[in-house]
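Below is one structure, written out as structure tokens; comments come after it.
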Number of protein chains: 2
Amino acid sequence: MRKSVTILDIAKVVNVSPATVSRVLSNSNYPVSAELRRKIKSAAKELNYTPNLLGRQLKTNNSMTIGIIIPSISNPFYSSIVLGVEEIARANSYQVLLCNSHQNVNLEKQFLQTMLEKQVKGVIISSISAEKNFLRQFSDKGICVISIDQHREGEDIYQINYDYRKGGFMAANHFVECGHTKIAFVTAPLDRPSRIHMFRGFRDALRESRILFKDCYLQISETQESTNYNSNFEFDNGKRLARQLMELSERPTAVLACNDLTALGFIYELNLLGIRVPDDVSVIGFDNIDFSNISMPPLTTVDHPKYEMGKFSCSMLFQVLNGENVNVTEIVLQPKLVIRSSVRVL
Amino acid sequence: MRKSVTILDIAKVVNVSPATVSRVLSNSNYPVSAELRRKIKSAAKELNYTPNLLGRQLKTNNSMTIGIIIPSISNPFYSSIVLGVEEIARANSYQVLLCNSHQNVNLEKQFLQTMLEKQVKGVIISSISAEKNFLRQFSDKGICVISIDQHREGEDIYQINYDYRKGGFMAANHFVECGHTKIAFVTAPLDRPSRIHMFRGFRDALRESRILFKDCYLQISETQESTNYNSNFEFDNGKRLARQLMELSERPTAVLACNDLTALGFIYELNLLGIRVPDDVSVIGFDNIDFSNISMPPLTTVDHPKYEMGKFSCSMLFQVLNGENVNVTEIVLQPKLVIRSSVRVL
DNA sequence: CTGTTAGCGCTTTCAA
DNA sequence: TTGAAAGCGCTAACAG
């Protein structure tokens, strides 16, 4: 590969200053005569010029790149978010660096640091960290961070959240309305705001209905550390939870899972164990991922507007980056019950 | 935000030259006295120094970033690939720019151009372009491009491919072995190598078995241009294909779908239409995505090692970038039949 | 309208 | 083992 051609080469050929070349080739609106414009452009084409954006970036201190940090792209919940983010980024001529944190706080921190060093001006993150002001530390260093999905309590930072409590509440209530009283929540460990709030909503709904069921909470027992987190992970959790359920002395008739993937695995295993859904056990999932209606029976679930969350967060990011007045610093998206066929009416 | 601190600031504080500071802070193995090393490091910490990688990148002409271009991240087939790519990239301290081409050739071209300008040294791409030497043009400009999944005929370029023909062949043969004779292929348009080869294998298998069925090929009729390509897209294709199937004068008893998502949509719609799988119609999918075994019945499918494809391609990329001798320029991954419960034995 | 010039922050010869 | 200095490719203030 030969030496690459720069604006200097073009300047020489056309016999103008590099400044003029820069002005036309960078699409600045600085006045340049039509004559020179034409010449410079044709010379650029002639020489097969490819601008080196690193030069511009160093000068303007703008990398035209944003970052997104999520647990795992192979989880369809997050890939929907990323799709939305990338769409808005592209509309703004930005590109996105994808970081899978694999639920690892140290990795999250490392990614954030790298974003800082690469002069990424904005990052969208669904953080698993419980550390107080964890994200604030980074936004203080001059990077705009938008937290999504996982509510950051009392942290002064831009947030796009989702009302998990209400979602859990609605789901539990739906069970109650359908006549269920033995209602359980099956979940991965409550190690993050989303699940905690979901469970609270669930519990509150049961309390309000004066329903008490001793085994109303079932958590995955073995914590499987997986460096290679993929969608099977949650699905397998669901399968294991189904097996745990079998060992209960008194079995619930209705089960809310912490997400659709878990619900799907749960139903899958139940089928294998000869337990019918919804005849024997009713199930509600959470998130309404695309796949939630391909199970048999189609899954009743609580909708989460993930794609929109991706778009909103990225739009907000650009508003901030463009110095627009952003007076709303937190948005809370709303749940919606999607009734399909996995809940039996008693 | 105040002016950021640079190695110059540190140099002043410690009273050494910026060169020395650079040498210790960039982890070069250049000899620097332990004394200065310590002082410089502590000063860096003191001043809360964050290196600006743009400076280094411009100088060394290495952006420590690779790109991946795929149709859509919301398709679980591609998100598995991306997961593998990101894993290897991270192991090499690189990061990955994610580009969704939405099956749009112009977008692909645009992304490739941007990669070039951003001085990305390597890109992995599942290209939908049929243009001859499309990728070669870019690799000639000094970027290492690795083509994955879509075989590039006669193009001198690194490729990680998959034997779609054999996969199609195996699937069709399985139907034959199970006693089927009315066998059909349902698919989105054959606009790319993967589907074309898959269909060829399918057809060849039937020919060898001297099976001839007039409606053995069913293609999605309305081409739905979607700027917002998500996993529902393929799923909906499957649903529509199921409806098209109903209108056939003579219905096949066995159907191979061009991918699992399509198969899943196909089965879903069949269920709604009161047609039982596999009792009335047997179905084989393709790719073996995580979700292919959550359908009812669990889908028999042809495995595609997508995650490994992502890892292999990225490993190959780094071999090339590191100047290692890469004498194998094409790898072809092999299909494997995964028998579950969606095929009836006649 | 056009050119001169001084960097952006960093690395890397080369000389000491 | 350290420092001086040039320069990666580009932009932008300033002067003309």
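These values consider heavy atoms only, across backbone and side chains, with no hydrogens, waters or symmetry-generated copies. Order of the sequence lines sets the chain letters (A, B, ...), proteins ahead of strands, with each chain counted from 1.
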Which nucleotide wins on minimum distance to the side chain of [X], given the candidates [options]?
{"X": "R23(A)", "options": "dG9(D), dA15(C), dT2(C)", "result": "dT2(C)"}
{"X": "A19(B)", "options": "dG3(D), dT2(C), dT11(D)", "result": "dG3(D)"}
{"X": "N52(A)", "options": "dT11(C), dC10(D), dT1(D)", "result": "dC10(D)"}
{"X": "S17(B)", "options": "dA12(D), dG3(D), dG9(C)", "result": "dG3(D)"}
{"X": "V16(B)", "options": "dG3(D), dG9(D), dA12(D)", "result": "dG3(D)"}
{"X": "Y30(B)", "options": "dT2(D), dT11(C), dG9(D)", "result": "dT2(D)"}
{"X": "K59(A)", "options": "dA15(C), dC1(C), dC10(D)", "result": "dC10(D)"}
{"X": "Y49(B)", "options": "dG9(C), dG3(C), dC10(C)", "result": "dC10(C)"}
{"X": "I7(A)", "options": "dC10(D), dT12(C), dC8(C)", "result": "dC10(D)"}

Let me know the distance between [atom1] of [X] and [atom2] of [N], rounded to the nearest Å.
{"X": "I10(A)", "N": "dG3(C)", "atom1": "CD1", "atom2": "P", "result": "14 Å"}
{"X": "L8(A)", "N": "dC8(D)", "atom1": "CG", "atom2": "P", "result": "9 Å"}
{"X": "K12(B)", "N": "dG9(C)", "atom1": "NZ", "atom2": "C1'", "result": "13 Å"}
{"X": "E35(B)", "N": "dT1(D)", "atom1": "CD", "atom2": "P", "result": "13 Å"}
{"X": "L54(A)", "N": "dG7(D)", "atom1": "CG", "atom2": "C1'", "result": "15 Å"}
{"X": "L25(B)", "N": "dT12(C)", "atom1": "CG", "atom2": "C1'", "result": "16 Å"}
{"X": "Q119(A)", "N": "dG9(C)", "atom1": "CD", "atom2": "C1'", "result": "9 Å"}
{"X": "L53(B)", "N": "dC10(C)", "atom1": "CG", "atom2": "P", "result": "9 Å"}

Taking only N and O in the side chain of [X], is any of them less than 4.0 Å away from OP1 or OP2 of [N]?
{"X": "S22(A)", "N": "dC10(D)", "answer": "no"}
{"X": "T20(B)", "N": "dG3(D)", "answer": "yes"}
{"X": "S4(A)", "N": "dG9(D)", "answer": "yes"}

Could you go step by step and tell me if K132(B) and E155(B) meet the salt bridge (charged side-chain N to carboxylate O under 4.0 Å, His left out) rule? CA-CA 8 Å; K132(B) 187 72 186 153; E155(B) 193 165 353; over 6 Å; no
Within the 4.5 Å heavy-atom criterion, are T50(A) and Q113(B) side-chain neighbours or not?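 Touching, per the 4.5 Å side-chain cut-off.
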What I'd like to find out is whether the side chain of H151(A) reaches to under 4.5 Å of the side chain of Y162(A), using heavy atoms alone.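 Sidechains of Y162(A) and H151(A): no contact.
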Between the side chains of [X] and [Y], does any donor sit under 3.5 Å from an acceptor?
{"X": "N161(A)", "Y": "E330(A)", "result": "yes"}
{"X": "K121(B)", "Y": "T65(B)", "result": "no"}
{"X": "Q159(A)", "Y": "S147(A)", "result": "no"}

Using heavy atoms to find the nearest nucleotide of DNA chain C for N15(A) and L58(B) separately, return the residue whose nucleotide is more 5′. N15(A)
Counting any heavy atom closer than 4.0 Å, what does [X] reach on the DNA or RNA strands: base, sugar-phosphate only, or nothing?
{"X": "L36(A)", "result": "sugar-phosphate"}
{"X": "S28(A)", "result": "nothing"}
{"X": "S33(B)", "result": "sugar-phosphate"}

